[in-house]
Amino acid sequence: MWQGAGVDAASLLDRATPGPLVGLVVAPDGAVAIATGDGVAVIEPPNAFETVARADRETGPRWVIWSQSTASALVAEGVRLARAWDLVAVHRLLFGGWESDPGSLWARAQDLPTDRLPVDRAPNLFDQPDPAEDASALAVTEAGYLRAEWVGGAWAESSERIAEWARLALDLAQRQLTLIDRLPNPTRALATARAESAVELLCAELAVDGLPLDRTIATSIIEAAAGPRPRDEAHAVAIRAARDEAVLRHAPPGSHFDLRSPAQVKSLLRRVGIEVADTRAWRLEALREDSPLVDALLVWRKAERMATTYGYGWLDEHVGSDGRLRGAWSGADGAAGRMTATAGLHNLPAELRPAVVAVPGHVFVRADLGQIEPRVLAAVSGDPALIASTAADDMYVPVARDLGVDRATAKVAMLGAMYGQTTGRGAQALRGLQRSYPVAMEYLESSDRAAQVGTDLRTFGGRLVRMGVANANATSERVLRSHAAARGRFGRNAMVQGAAAELFKQWAVTVRARGELLDARVVLCLHDELLVHVPDANAEAAAAMVTECLQEVAHRWAPHQAAGGPSVRFTAEISTIGCWADAKG
DNA sequence: TGCGGCTATTG
DNA sequence: CACAATAGCCGCAG
């Protein structure tokens, strides 16, 4: 029931037992609104954050937040929530796509047409708002949409509005719950929704905590590859020119080629008698002996990349004076719902990994999932023979035996099947896969067929993978077919990659929760790898905890065990290391 | 200035 | 050189 702002926050929260949803809004000025089924309260600074932190510890509600930005505002004040319901994260699970504004979330959840979404009309000379009728006082329009002014920031203009914004968040979460209940497997989708929400909390923390990185080591690696730090712009130009000259001195005298232009590099290679379809490194590698220019060019490429993407600019922009590499994290980017990160956190060259060093008195516990995608395929398809093969530490060994081929061929074939390869060695072994694992292969092929004709897919965990409409413009039959085939490969892979991402994230947030008592912090999530930063004294306990979390999550996640059948086995290689580059073990 | 293509890096 | 991602630079259209 609506009681308006001013209800005592403590008494509201006292009545909330662990589990129920509690709307939570943080205004730019630090005021906090809390909404339960019993009413709404607004807490003004300076006690607002402390009140939330205490409620999180003592009552343990599942906080409904509009998006990761609420979590970020709280983390900035030192408040790390245990449980959340992130409306954007759940919206992406339910509907796919990348919408994140509250107006769209609200409309989609209420089944309102989004092409009639209210737009914020900036006031101008000819369209003065009528002060007599303050229509914007209400958050919801007559048609049931969220008013654009509110979405655009008017929600924060008064205590009453902040309170209303928290109440609306709670309303929307309850609406999302009913939508989840209509999905094919509501129980599993609910677990996904909760994990995806917790991932947003983790993302907010990853962005603030950063990855420990030794600036001195990083600088020396960059210096070795790209030269000294330029003193000024002229020096930078001189270094670039010198780098270019090392290649161009192998070119015909007087010629002018821009090494940064692939077309001109192709021309340059032609001048020395080398004809290539493109100038990618793997192609040029074979021609390294043919001309000193090719070798010089490949060396140049390495140095140029280090100088541009991971050079001093990168160091200055993303590595703080406290020795932390920080980027922005997304809990479910891309259609399949993997985590993504900026600042090179997900594609840091192996060359730079020696710079990722635990702070003194700490170590990293590094955990790598083994062969996650074929194991996930076994789980989501329920193929009994493939499930049986997951009992092995290296599941490609039994797969090779089943197929009557060597291990390398079995691995290429399995990856080819999951990626949609139709040519080469993998394609030949495909028939063997279809014979040995008909259920798994049909799972992939039916996903492929659906995606080809533009039918949306839903992952094992319930995420909608939107396929978009086929482009039927004036293109040739051949082009249309190749686009359809590409959609098919995308869809087939999204079902495996997406489910793997869901399992990984449940693992990551379980480690986050369980790590608190050990001062163990997740500092990097890398699709199938977790890096946990922990005090020396707790290293052993943390390593055991990470393993236990995986077994727990896998047990809950893989359904066949629950049904009394054989279970899919998941394994993780755990190492306790001082530096990310250190050998495993 | 925005966008597609090419290239390199990672899982 | 299949599936996914971020990121930088070039060349071209507007």
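Chain A is the first sequence line, chain B the second, and so forth, proteins listed ahead of strands; every chain is numbered from 1. Predicted, not measured: the structure shown is a model, and the values here were computed from it.
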Report the nucleotide, chosen from [options], that has the shortest atom-to-atom distance to any side-chain atom of [X].
X	options	value
A:Arg280	B:dT7, C:dT6, C:dC3	B:dT7
A:Arg301	C:dC9, C:dG11, B:dA8	B:dA8
A:Thr309	B:dA8, C:dT6, C:dG8	C:dG8
A:Pro262	B:dT9, B:dT7, C:dA4	B:dT7

What is the nucleic acid contact for [X], judged by heavy atoms within less than 4.0 Å: base, sugar-phosphate only, or nothing?
X	result
A:Tyr310	nothing
A:Arg260	sugar-phosphate
A:Leu348	sugar-phosphate
A:Gly420	nothing
A:Ala281	sugar-phosphate
A:Ala494	nothing
A:Thr279	sugar-phosphate
A:Glu304	nothing

Residue met sooner reading DNA chain C from 5', once A:Thr423 and A:Arg240 are mapped to nucleotides:
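The residue whose closest nucleotide sits nearer the 5' end is A:Thr423.
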
Specify the residue among A:Arg305 and A:Arg283 whose closest nucleotide of DNA chain C lies further upstream toward the 5′ end.
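Taking each residue's closest nucleotide, the earlier one in sequence belongs to A:Arg283.
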
Atom pair distance, as rounded to whole Å: [atom1] in [X] and [atom2] in [N]:
X	N	atom1	atom2	answer
A:Asp244	C:dC10	CG	P	11 Å
A:Leu531	B:dG11	CG	P	12 Å
A:Leu530	B:dT10	CG	P	20 Å
A:Arg492	C:dA4	CZ	C1'	16 Å

Is any side-chain heavy atom of A:Arg260 less than 4.5 Å from a side-chain heavy atom of A:Asp244?
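SC-SC contact between A:Arg260 and A:Asp244 confirmed.
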
Among all residues two or more places apart in sequence or in another chain, which pass the salt bridge (charged side-chain N to carboxylate O under 4.0 Å, His left out) test with A:Glu205?
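Expected list: A:Arg80, A:Arg512.
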
State whether A:Arg270 and A:Glu275 are salt-bridged, where the test is any N-O pair (Lys NZ or Arg NE/NH1/NH2 against Asp/Glu carboxylate O) under 4.0 Å.
yes

Knowing that exactly one of A:Asp209, A:Leu206, A:Leu201, A:Val208 qualifies, which makes a side chain to side chain contact (heavy atoms under 4.5 Å, CB included) with A:Val75?
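The option that passes is A:Val208.
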
Is the phosphate of B:dT9 approached by A:Lys302 (side-chain N or O, under 4.0 Å from OP1 or OP2)?
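Looking at the OP1 and OP2 atoms of B:dT9, one of them is under 4.0 Å from a side-chain N or O of A:Lys302.
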
Reported CG-to-OH distance for the pair A:Asn493 and A:Tyr419, which is rounded to 0.5 angstrom:
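The distance works out to 6.5 Å.
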
